[in-house]
Amino acid sequence: MAKIAPLSGFPEFLPGQRIVEQQILDTVREIFELHGFASLETRSVEPLEQLLRKGEIDKEVYVLRRLHASDADQPSQADQLGLHFDLTVPLARYVLQNAGHLDFPFRRYQIQKVWRGERPQEGRYREFTQADIDIIGRDTLAFHHEVEIALVMAEVFAALPIPPAIIKVNNRKLVEGFFRGVGAADHEAGLRALDKLDKVGSDRVRTLLIDEAGVDSDRADVCLQMAQISGSDGSVADRLRGLGVQHPLLDQGLDELMAVVTAAEARRPGAVAADLKIARGLDYYTGTVFETELAGFESLGSICSGGRYDSLATDGRATFPGIGISLGVSRLVVPLLAAGHLQASRTVPSCVLVAVGDESERAASDAVADQLRSRGISTEVAPQAAKFGKQIRHADRRGIPFVWFASADGHSVKDIRSGDQVDADPTTWNPPASDLRPTVTMDSGQATDPRDPQQEEFTS
RNA sequence: GUGGGUGUAGCUCAGCUGGUAGAGCGCCGCGUUGUGGUCGCGGAUGUCGCGGGUUCGAGUCCCGUCACUCACCCCA
């Protein structure tokens with residue numbers, strides 16, 4: 001029999017892994033809604049023209065084509081449909097389209113698949129799930145939302161059974177002002193160079209700054225010093241000012257950066273830190289930018305990124321500035337599962353397996369199952385009236401904690417982990433609350449409830 | 001798109017200079033004739049990625065191809 005190979009970059013889960021992902025998605029959704037973000041789903045496709053605004057053809061967009069389309073009705077680029085590669089561009093289109101029906105500032109979350117036609121690697125996929133929150137204003141958007149957005153994500157990280165995640169913040173105005181202040185010819189090239197600091201080291205970045213960004217060789221070191229500044233208190237501003245670079249944009253960016261960092265530090269210490277080397281590739285960001293580093297998984301890159309965009313959407317009369325951040329659910333979950341750090345307590349939702357003594361007694365077992373289900377206990381009935389040993393094994397393989405035995409003498413339920421078996425009444429029996437649903441465990445033996453912010457510390 | 005690595009049982013892998021394919025784990029059965037897990041004994045499983053070539057003979061050598069994977073680029 002021919003083996004079906006997996007399709008690279010299109011991750012799929014086994015049932016137990018899917019349970020982990022679903023619980024994480026449930027937690028994300030719950031916290032987003034706790035903060036009043038409304039759910040939105042946009043279509044999977046946008047006109048190619050919309051996706052490629054500013055003529056960037058380097059974006060790896062998957063296009064959609066009818067199998068039976070003839071060469072004659074080859075659509076123009078304007079009509080061609082592409083799968084969206086993020087959730088921000090569709091949001092911009094949606095806001096313009098529905099501006100008359102929306103109330104501003106408009107707060108929405110969106111958890112959907114996106115597609116990018118890139119070469120896959122660990123943590124980067126061709127089809128993956130993003131969880132976005134954005135706040136969109138009409139003409140203006142108050143600055144405090146930038147703090148709010150970061151703190152909502154920080155709350156998500158605190159609630160998830162994952163290693164510590166730190167949101168790194170920088171500001172485009174600050175960096176641009178800095179590069180103007182040191183007389184760089186191309187501040188965008190400078191940005192890209194600094195972004196590589198962790199990867200290629202300061203010597204190579206110095207070369208890039210000089211060759212690509214046009215920084216004078218004697219000022220390249222000042223840029224490197226700037227890039228090495230990070231922290232979550234006022235010393236960040238002091239160290240930056242100590243470098244002596246002057247530019248109005250730099251001052252404005254620094255004020256904004258410090259406002260985000262100090263406000264976040266006051267409300268959730270340790271969750272957010274300034275880091276002046278982070279750049280963010282996407283070109284529509286105009287101020288605050290976010291990246292998130294997952295402890296022990298730094299090589300994945302950012303698991304959650306976003307920022308402020310002043311002019312992503314405009315209809316000529318009004319502009320719609322926004323602030324948003326996007327959690328790469330797949331980038332977070334797939335590597336943690338692959339490394340074996342996350343485990344579900346079982347591979348099925350079932351809390352109870354009702355044994356079947358003989359096929360002639362199946363109806364009685366079904367009745368027990370229905371009684372348990374009516375009280376919210378996920379229950380399945382044994383597929384065969386096999387030996388009880390096999391039925392217990394059926395439950396054991398799947399991690400189902402309880403097996404129910406019904407006989408003419410009465411009912412009993414066995415906790416197959418302890419082996420304890422007790423008489424029970426299907427109309428009143430309840431499992432311990434912790435067994436009602438599958439639980440997600442981080443590493444070995446540490447049960448964590450994704451909804452419980454008091455989760456265990458990650459140990460690697 | 002560019003460059004490197006790897007394809008052998010369900011999984012992880014061994015298989016030397018060519019000589020008819022192996023281990024561990026898992027799976028199935030029995031011991032234990034209707035209460036699993038431990039233990040013991042027994043058993044099943046392969047187009048050796050695919051196509052071609054060299055050879056008496058190819059998992060092994062050569063060519064091609066596909067897939068997976070890592071790095072660059074870029075990003076969640």
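Note that these values count all heavy atoms, side chains included, but never hydrogens, waters or copies made by symmetry. Letters go in sequence order (proteins before strands), and every chain restarts at 1.
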Taking only side-chain N and O atoms of A:K390, does any of them lie within less than 4.0 angstrom of OP1 or OP2 on B:G29? yes
Would you call the rings of A:Y309 and A:Y285 parallel, tilted or perpendicular if under 30° counts as parallel and over 60° as perpendicular? tilted
Please report the distance separating the P of B:U60 from the corresponding atom of B:G15, rounded so that it comes out in whole Å. 14 Å
Base, sugar-phosphate, or nothing: which does A:L7 touch, judged by heavy atoms less than 4.0 Å apart? sugar-phosphate
Distance, rounded to the nearest Å, where A:D420 contributes CG and B:G36 contributes C1': 15 Å
Determine the contact category for A:V333: base if any of its heavy atoms lies under 4.0 Å from a base atom, sugar-phosphate if only primed atoms, P, OP1 or OP2 are that close, otherwise nothing. nothing
Determine the Euclidean distance between corresponding P atoms of B:G26 and B:G40; express it in Å to zero decimal places. 12 Å
Contact class for A:G301 (heavy atom, under 4.0 Å): base, sugar-phosphate, or nothing? nothing
Heavy-atom distance under 4.5 Å between the side chains of A:L83 and A:E127, does that happen here? no
Below 3.5 Å, can you tabulate the donor-acceptor pairs from side chains in residues 149-156 of chain A to any protein atom, sequence neighbours excluded?
| from | atom 1 | to | atom 2 | distance (Å) |
| --- | --- | --- | --- | --- |
| A:E155 | OE1 | A:H35 | NE2 | 2.8 |
| A:E155 | OE2 | A:H35 | NE2 | 3.4 |

Candidate nucleotides B:C68, B:U35, B:G34, ranked by approach to the side chain of A:Q391 - the nearest: B:G34
Across the strands shown, which category fits A:A131 at heavy-atom distances under 4.0 angstrom: base, sugar-phosphate, nothing? nothing
Ignoring hydrogens and geometry beyond distance, is the side chain of A:D396 in donor-acceptor contact with the base of B:G37 at under 3.5 Å? no
Per A:D358 side chain, nearest of listed nucleotides B:U35, B:G34, B:A71: B:G34
Closest to the side chain of A:R119, out of B:A71, B:U33, B:C74, is B:A71
pair A:L87-A:I111: side-chain heavy atoms closer than 4.5 Å: no
Taking the C1' atom of each, how far is B:C50 from B:G59, in whole Å? 14 Å
In residues 381-391 of chain A, what donor-acceptor pairs under 3.5 Å come from side-chain atoms, sequence neighbours left out?
| from | atom 1 | to | atom 2 | distance (Å) |
| --- | --- | --- | --- | --- |
| A:Q391 | OE1 | A:V356 | N | 2.9 |
| A:Q391 | NE2 | A:V356 | O | 2.8 |
| A:Q391 | NE2 | A:A386 | O | 2.7 |

What's A:I416 touching, base or sugar-phosphate or nothing? Going by heavy atoms closer than 4.0 Å. base
For the pair made of CZ in A:F10 and C1' in B:C68, what is the distance, rounded to whole Å? 15 Å
Does OP1 or OP2 of B:U69 have a side-chain N or O of A:S8 closer than 4.0 Å? yes
Across all strands, who's sitting opposite B:G64 as a Watson-Crick or G-U wobble pair, both distances under 3.5 Å? B:C50
Over 12 foreign heavy atoms within 6.0 Å of CD, A:E12: no
Where the side chain of A:R192 is concerned, which of B:C74, B:C72, B:G34 is the nearest nucleotide? B:C74
If we take the P atom in both B:U35 and B:C11, what is their distance in whole Å? 34 Å
Got A:S44 and A:K113 here, is their nearest side-chain heavy-atom distance under 4.5 Å? no
Pairwise P distance for B:G46 and B:A23, with rounding to whole Å: 14 Å
Closest-nucleotide mapping onto RNA chain B: is A:P120 or A:S330 further toward the 5' terminus? I mean the 5' end. A:P120
Rounding to an integer number of Å, can you tell me how far A:L353 CG sits from B:U35 C1'? 12 Å
To the nearest angstrom, the CD-P distance between A:Q421 and B:G34 comes to 16 Å
Nearest to the side chain of A:R393, heavy atoms from C-beta on, is which of B:G36, B:U35, B:C74? B:G36
Here the distance between atom P of B:C70 and atom CD of A:E122, to the nearest Å, is 7 Å
Please work out whether the ring planes of A:Y109 and A:F32 are parallel, tilted or perpendicular, with thresholds of 30° and 60°. tilted
Can you see if the side chain of A:R417 gets near the phosphate of B:G37 - specifically, an N or O under 4.0 Å from OP1 or OP2? no
To the nearest Å, give me how far apart CG (A:L300) and C1' (B:C70) are. 14 Å
I need the CZ-P distance between A:F388 and B:G34, as an integer number of Å. 10 Å
Rounded P spacing from B:C61 to B:C74 in Å: 39 Å
How far does the P atom of B:G36 sit from the matching atom of B:C30, given to the nearest Å? 13 Å
Taking only side-chain N and O atoms of A:K196, does any of them lie within less than 4.0 angstrom of OP1 or OP2 on B:C74? yes
For B:A44, give the paired nucleotide (Watson-Crick: N1-N3 plus N6-O4 or O6-N4; G-U: N1-O2 and O6-N3; both under 3.5 Å), or none. none
Report the distance from atom CD1 of A:I392 to atom P of B:G34, rounded to the nearest whole Å. 13 Å
Distance, C1' atom - from B:G53 to B:C72, rounded to whole angstrom: 35 Å
